[in-house]
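Have a look at the structure below before the remarks.
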Amino acid sequence: METTPIGSLRQHIGEQVKIQGWLQVLRDQKKMQFLVVRDRTGMVQVAFWRQSDPSLAEQISKLTTESALTITGKVVDNPIVKLGGLEIQLETLKVESLAQSPLPFEPFGDTLPSTDFRSDWRYLDLRRTESLLIFKVQTTLEMAMREFWVKNDFMEIHSPKIMGSASEGGAELFEMTYFDRKAYLAQSPQFYKQMAMAAGFEKVFEIGPVFRADPSFTARHMTEFTGIDMEISWIDSHDDVMRVLENLLQYTYQRVKEVHGDQIKEVFHKELIVPEVPFPRVTMAEAHEILKEVGYQLPPEKKGDLDPGGERALAKYIKDKYNHEFVYVIDWPITVRPFYHMRHEDNPHLTKSFDLIASGLEIVTGAQREHRYDVLLRQAKEKGVSQESIQFYLDFFKYGCPPHGGFGMGLSRLLMVMLDVPNIRECVFLFRGPNRLHP
RNA sequence: GGGGGCGUGGUGUAGCGGUUAACAUGCGGCCCUGUCAAGGCCGAGAUCGCGGGUUCGAACCCCGUCGCUCCCGCCA
């Protein structure tokens, strides 16, 4: 017999079914036994009259919560039952795996242990409705993005994560042993997706792992995370990149809302708002004026930049004024941007770059890239980047490279803002941080 | 890496100089009931992170240490 998802039992009233799931609650009474069984689609009450088979009743009595069970029985409509107005009358029970007791913590308790403690028992933590929903949303979200890209003639690439030399900065690289020499874990697919532009791929995307050796202890940093990267050719400015990005996000929000909107409202108490395009745009200079206007004191060393508090203050201003959860901060000074960001023709101190702030959190950085060999080399030298270290990269621009640009986005950060989850550790299957390598 | 906060039964908390260290939840037992993420009674379970110190006396005060956490730096 095929397994019936618990969420669809309503369509099987009067039938014999097989369900497979975890024992959530056992109410073991004198005459009757009630089991609440849960799978990833829902919960159902299973009823059993003890006298109909005393030895089976004994077996049921010994069950522990969170044990994995296979149950067959008849689905009956029963309006009295508070859980869905139906129940299963148990016929057979197979204990696939008896859970040890007590559990390290109760995944369905009123209070939850700290994120850190739950991380030790992540497979139990992931059984929670909230966790499950986050990863259902993640699946839809990634699918929607791929749909969008494929519809718009993008190509998917998979760039290597083991590299022979540093790609961008260098300081935040994990070093590893590669046979008899050193190698590094990729901190970004940046250079490789630009290589795809030089290769004539024209529009590419990559969803893949990114490694950062940053000893950051915040609720939004990880040492390994999934990066969503995109790069497109023949652009006029960074605005072309921003237009694709906002359309991509609008499409993605739309799809997630269609598929999970109701459950998100139920579980996270959040009405998912499909963002209007175009997203508000403010230049870095304007951002500073806005902060001054709302009375936010930016630390003096933050000239030409924003700090997290400033980003939140700006997001609040945009939310109040334009009722928008997203805001692009554009035209960042060259001092706070890497050498490969293109500069404005009419202002050599400003880059053609942007950050996307979503509900006060930085989730995307993007730019038009400098594709002119000489200019690129000059900017690298100016930033103190040695030519030898990036020669392989500079070579991309030697034999005809189109003007291009793109962005990098954090998958888990997007989930955080989408679902209002305050800690990134909840939004990733398994968290990796400076102090967390297990499980 | 800098600064703040917190470490008490499995879990979440209370207690903040002298208490049989309390409560909730979970766990075990019993009772009751077509129950309903039930209810009632009983029970087990904590040398209060660790190491020093102050004191007649420390979970409580001080110092150190480790762990966690938040903010900042850095970023996605």
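Residue numbers begin at 1 in each chain, while the letters A, B, ... track the order of the sequences.
- A distance of 12.0 Å separates CG of A:L414 from OG1 of A:T226, quoted to the nearest 0.5 Å.
- Nucleic acid contact for A:T115: none, since no nucleic acid atom lies under 4.0 Å from a heavy atom of the residue.
- One distance of note links CH2 of A:W149 with CE of A:M155; it measures 14.5 Å at 0.5 Å rounding.
- With a cut-off of 3.5 Å on both pairing distances, the Watson-Crick or G-U wobble partner of B:G67 is B:C6.
- Nucleic acid contact class of A:R38 (heavy atoms, under 4.0 Å, all strands): none.
- Interface remark: the A:E362 side chain does not form any donor-acceptor pair with the B:A76 base, using a distance-only criterion of under 3.5 Å.
- Counting atom types as modelled, A:S216 pairs a side-chain N or O with a base atom of B:C74 as donor and acceptor under 3.5 Å.
- To the nearest 0.5 Å, atom NZ of residue A:K82 and atom CD of residue A:Q45 are 10.5 Å apart.
- Taking atom CE on A:M230 and atom P on B:A76, their separation rounds to 16 Å, with Å as the unit.
- For B:C50 and B:C32, the C1' atoms lie 48 Å apart once the distance is rounded to whole Å.
- Base pairing annotation: B:C61 forms a Watson-Crick or G-U wobble pair with B:G53, both donor-acceptor distances under 3.5 Å.
- Residue-level contact check: A:F217 touches the bases, meaning some heavy atom is under 4.0 Å from a base atom.
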Exercise. Let me have a per-nucleotide readout for nucleotides 25-35 of chain B, 5' to 3', with B, S or -, counting only protein heavy atoms under 4.0 Å.
Key: SSS----SBBB

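- Pair assignment for B:G39 gives B:C31, based on Watson-Crick or G-U wobble hydrogen-bonding distances that are each under 3.5 Å.
- Nearest heavy-atom pair, A:Q250 versus A:P275, reported as atom, atom and distance to 0.1 Å: NE2-O, 3.1 Å.
- In this structure, A:L23 atom CG and B:C36 atom C1' are separated by 14 Å, rounded to whole Å.
- Judged by distance alone, with hydrogens and angles left aside, A:R413 brings a side-chain donor or acceptor within reach of the base of B:C75, the pair sitting under 3.5 Å.
- B:G49 and B:A58: their P atoms are spaced 15 Å apart (whole Å).
- Residue A:L90 contributes atom CG, which lies 17 Å from atom C1' of B:C36 at whole-angstrom precision.
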Quiz prompt | Step-by-step salt bridge (Lys or Arg N to Asp or Glu O under 4.0 Å) determination, A:K203 to A:E231 | solution = CA-CA 6 Å; A:K203 303 175 185 178; A:E231 202 74 17; over 6 Å; no

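- In this structure, the CD atom of A:Q100 is 13 Å from the C1' atom of B:G10, given to the nearest Å.
- With rounding to whole Å, A:F108 atom CZ is found 13 Å from B:A38 atom P.
- When the side-chain nitrogen and oxygen atoms of A:R118 are compared with OP1 and OP2 of B:C68, none of them lie within a distance under 4.0 Å.
- Here A:Y322 contributes atom OH and A:F279 contributes atom CZ; the two are 15.0 Å apart, rounded to the nearest 0.5 Å.
- Nucleic acid contact for A:P104: sugar-phosphate only, since backbone atoms but no base atoms lie under 4.0 Å from a heavy atom of the residue.
- As a whole-Å value, the separation of A:F354 CZ from B:A76 C1' is 12 Å.
- Nucleic acid contact for A:N423: sugar-phosphate only, since backbone atoms but no base atoms lie under 4.0 Å from a heavy atom of the residue.
- Applying the Watson-Crick and G-U wobble criteria (two distances, each under 3.5 Å), B:C23 pairs with B:G12.
- The two residues A:Y253 and A:I273 come nearest to each other via the heavy atoms CD2-O, 3.4 Å.
- Taking the P atom of each, B:C74 and B:U54 are spaced 46 Å apart, rounded to whole Å.
- As a whole-Å value, the separation of A:M409 CE from B:C75 P is 19 Å.
- Between A:S114 and B:U69, a side-chain N or O to OP1/OP2 separation shorter than 4.0 Å is absent.
- Two residues, A:P113 and A:H221, neighbour RNA chain B, and the one matched to the more 5' nucleotide by heavy-atom proximity is A:P113.
- Atom name C1', nucleotides B:C27 and B:C66: the rounded distance is 31 Å, in whole Å.
- Within a 6.0 Å sphere centred on NZ of A:K74, other residues, nucleotides and ligands contribute 12 heavy atoms or fewer.
- Nucleotides B:G1 and B:G57, compared at atom C1', are 42 Å apart to the nearest Å.
- Counting non-hydrogen atoms under 4.0 angstrom, A:G408 reaches the backbone sugars and phosphates but no base.
- A:R312 comes within 4.0 angstrom of the backbone, heavy atoms only, and of no base.
- Along RNA chain B, the nucleotide nearest A:R436 and the nucleotide nearest A:T218 are compared for position; the residue whose nucleotide lies closer to the 5' end is A:R436.
- Going from the P atom of B:G5 to that of B:G43 covers 41 Å, rounded to whole Å.
- In this structure, the side chains of A:T65 and A:L26 stay at 4.5 Å or more apart for every pair of heavy atoms.
- With distances taken from any side-chain atom of A:F105 to the nucleotides B:C68, B:U11, B:C75, the minimum falls on B:U11.
- Within 6.0 Å of the CE atom in A:M176, the count of heavy atoms belonging to other residues, nucleotides or ligands exceeds 12.
- Across the P atoms, B:G52 and B:U19 are found 22 Å apart, a figure rounded to whole Å.
- Under the Watson-Crick and G-U wobble criteria, each requiring two contacts below 3.5 Å, nucleotide B:G1 is paired to B:C72.
- The gap from the C1' atom of B:G26 to that of B:A37 amounts to 14 Å, rounded to the nearest Å.
- Here B:C74 presents its C1' atom at 12 Å from CZ of A:F225, a figure rounded to the nearest Å.
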